[in-house]
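For ligands, and for the atoms within them, numbers begin at 1 and follow the listed sequence.
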Amino acid sequence: MAEEVVTYKSRTTVYVLACWILAAFGGLMFGYDIGISGGVSAMDDFLIKFFPKVHERKLHAKEDNYCKYDDQLLQLFTSSLYLAALVASFGASKACTVLGRKPTILVASTFFLAGAGLSAGAEFKWMLILGRILFGIGVGFGNEAVPVFLSEIAPVQLRGAVNILFQLFVTIGIFIANLVNYRTSEMHPNGWRVSLGLAAIPGFVLFCGSMILTETPASLVERGNEARGKAALKKIRGVEQVDAEFEEIKNACEIAKQVKQPFKKLMKRSSRPPLIIGIMMQVFQQCTGINAIMFYAPVLFQTMGFKNNASLLSAVITGIVNVASTFVSIFAVDKIGRRKLLLQACVQMFIAQASIGAILLVHLKTTGSLDKGLAALVVVLVCVFVMSFAWSWGPLGWLIPSETFPLETRTAGFAFAVSSNMLFTFLIAQAFLSMLCHMKAYIFFFFSAWILAMGIFVVFLLPETKGVPIDSIAERVWKQHPVWKKFMDDDSPKVYEMAA
Ligand code: BGC
């Protein structure tokens with residue numbers, strides 16, 4: 001397995017820093033949306049206007065702890081965006097290859113602005129739904145282009161850290177959204193409009209930012225602009241001597257140019273290793289149960305018997321833990337490596353989920369609530385869970401798929417990773433409250449079982465990519481791995497040899 005670390009000369013200039021941060025605003029747009037919808041769909045003014053029947057039912061909610069919020073229509077409001085994003089990510093992959101990463105980011109911000117405007121001004125249900133779809137297309141385009149952009153412009157020794165800026169901004173977005181909802185839920189009758197409309201701010205920053213961003217050298221060379229590609233590389237490395245790295249990018253582009261149909265190439269055996277890893281990282285990420293907490297933390301805490309304000313406060317605490325722990329990952333990922341972070345987190349997440357399940361199973365019946373001490377313990381366990389997710393599967397779910405595909409299938413392959421994320425986010429968002437109602441405390445054991453499976457997956461199948469230049473992963477990682485190397489020699493061997 002590749003443990004050798006390659007470095008090329010680079011300096012972190014103000015311009016490069018600005019590119020990293022502006023692009024990461026794509027993550028803020030995504031995070032804001034994850035955090036905002038749950039709160040909005042719980043606001044009475046919003047329900048009365050668009051979902052009066054749901055509101056009616058909420059007033060006469062069943063007294064069963066585990067089932068008070070089970071409502072398909074309400075869950076659909078949260079989850080519909082992810083379906084739009086799922087479809088959009090494939091269009092975004094094409095745009096990324098043909099137009100470049102930078103214009104794709106611009107498109108993302110435009111859709112996001114349109115979505116924010118339409119949802120904030122919505123008078124009828126169709127406007128609200130169209131607004132969700134526009135948001136979703138924005139998320140699909142942003143989540144496709146931003147992680148790939150960040151991985152491609154980052155110097156190899158900092159690639160993990162730079163890519164994790166995306167996730168850091170996701171967590172900041174979720175946190176801001178929770179605070180916004182906390183305030184707007186008191187603003188009658190239009191608080192929900194403010195919540196949805198404020199999404200325009202990150203959208204606007206990204207829109208302006210995408211004018212300033214550089215295009216990535218790989219994308220420029222891939223589209224035939226060698227001179228501009230080299231100039232861009234010099235600019236983002238802040239040094240003149242970039243020949244060795246540029247050669248590597250050019251080699252990768254040579255190979256990429258021979259592949260006319262990236263999606264067809266992805267179906268070949270030799271593409272299986274990054275494809276399986278890319279998809280499974282995202283599926284597993286969602287099956288940790290993280291979004292059960294991100295979307296429904298206040299509801300979850302109410303299930304345990306917290307009052308309204310106390311549950312919001314607990315959600316804010318988990319939000320802070322989420323942001324703070326992401327920094328651990330930024331500092332650790334390029335030093336400790338991806339595999340160790342993922343495995344450590346599996347142990348921590350397993351203990352937290354299984355313990356929450358055990359406490360609720362024994363102490364929380366369908367009516368009544370947990371006693372104070374146990375409720376506080378559950379909040380601590382939720383924090384322990386969120387903390388480990390935030391320095392492992394959260395950021396690495398995006399990082400690893402963005403760095404493991406060779407250039408010729410990178411955007412197409414990453415689209416599968418993004419859409420798997422969206423599909424499973426949709427499924428969890430749509431199903432969680434019903435699962436909670438039917439499985440009760442056992443739902444936490446269900447997530448624990450997934451965590452066990454993902455740990456085993458990492459041990460046997462996930463190679464370490466720390467310190468490996470993005471454009472030589474095929475040679476240095478897949479061809480060296482005991483399991484995956486068997487997949488690498490069936491087609492176009494000459495093409496891969498060129499990269500050596
Ligand atoms: C996931 C989101 C999740 C967030 C939590 C992201 O990596 O894709 O689904 O809500 O992390 O911080």
In terms of the angle between their ring planes, are [X] and [Y] parallel, tilted or perpendicular, with boundaries placed at 30° and 60°?
X    : Y    : result
F446 : W450 : perpendicular
F166 : F30  : parallel
F90  : F263 : tilted
F331 : F327 : parallel

Output the list of atoms in ligand 1 that are nearer than 4.0 Å to some heavy atom of [X], sorted by atom number.
X    : result
I34  : 2 (C), 10 (O)
N421 : 8 (O)
N322 : 5 (C), 12 (O)
W398 : 6 (C), 7 (O), 8 (O)
G394 : 7 (O)
T171 : 12 (O)

In a check of side chain to side chain contact (heavy atoms under 4.5 Å, CB included) between W398 and each of N421, I164, V148, which one passes?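 Per the side chain to side chain contact (heavy atoms under 4.5 Å, CB included) rule, the option paired with W398 is N421, out of N421, I164, V148.
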Do any heavy atoms of Q286 fall under 4.0 Å from ligand 1?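 Checking ligand 1 against Q286, which is what was asked, there is a heavy-atom contact under 4.0 Å.
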Does even one non-hydrogen atom of W393 get within less than 4.0 Å of ligand 1?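 Outside the 4.0 Å threshold, so no.
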To check you understand the geometry: which heavy-atom pair defines the closest contact between S210 and I105, and what is its length?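 Taking S210 first and I105 second, the nearest heavy atoms are CB-CG2, 4.1 Å.
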Does CZ belonging to F432 count more than 12 external heavy atoms closer than 6.0 Å?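 More than 12 heavy atoms, drawn from other residues, nucleotides or ligands, come within 6.0 Å of this atom.
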Given D471 and R410, is the salt bridge (Lys or Arg N to Asp or Glu O under 4.0 Å) satisfied, shown in steps? CA-CA 10 Å; D471 288 311; R410 187 169 302 148; 2.7 Å; yes
Which residue and non-hydrogen atom of the protein lie closest to [atom], and at what distance in Å?
atom                   : result
atom 1 (C) of ligand 1 : Q285 OE1, 3.4 Å
atom 5 (C) of ligand 1 : I174 CD1, 3.6 Å
atom 7 (O) of ligand 1 : Q167 OE1, 2.6 Å
atom 9 (O) of ligand 1 : N291 ND2, 2.7 Å

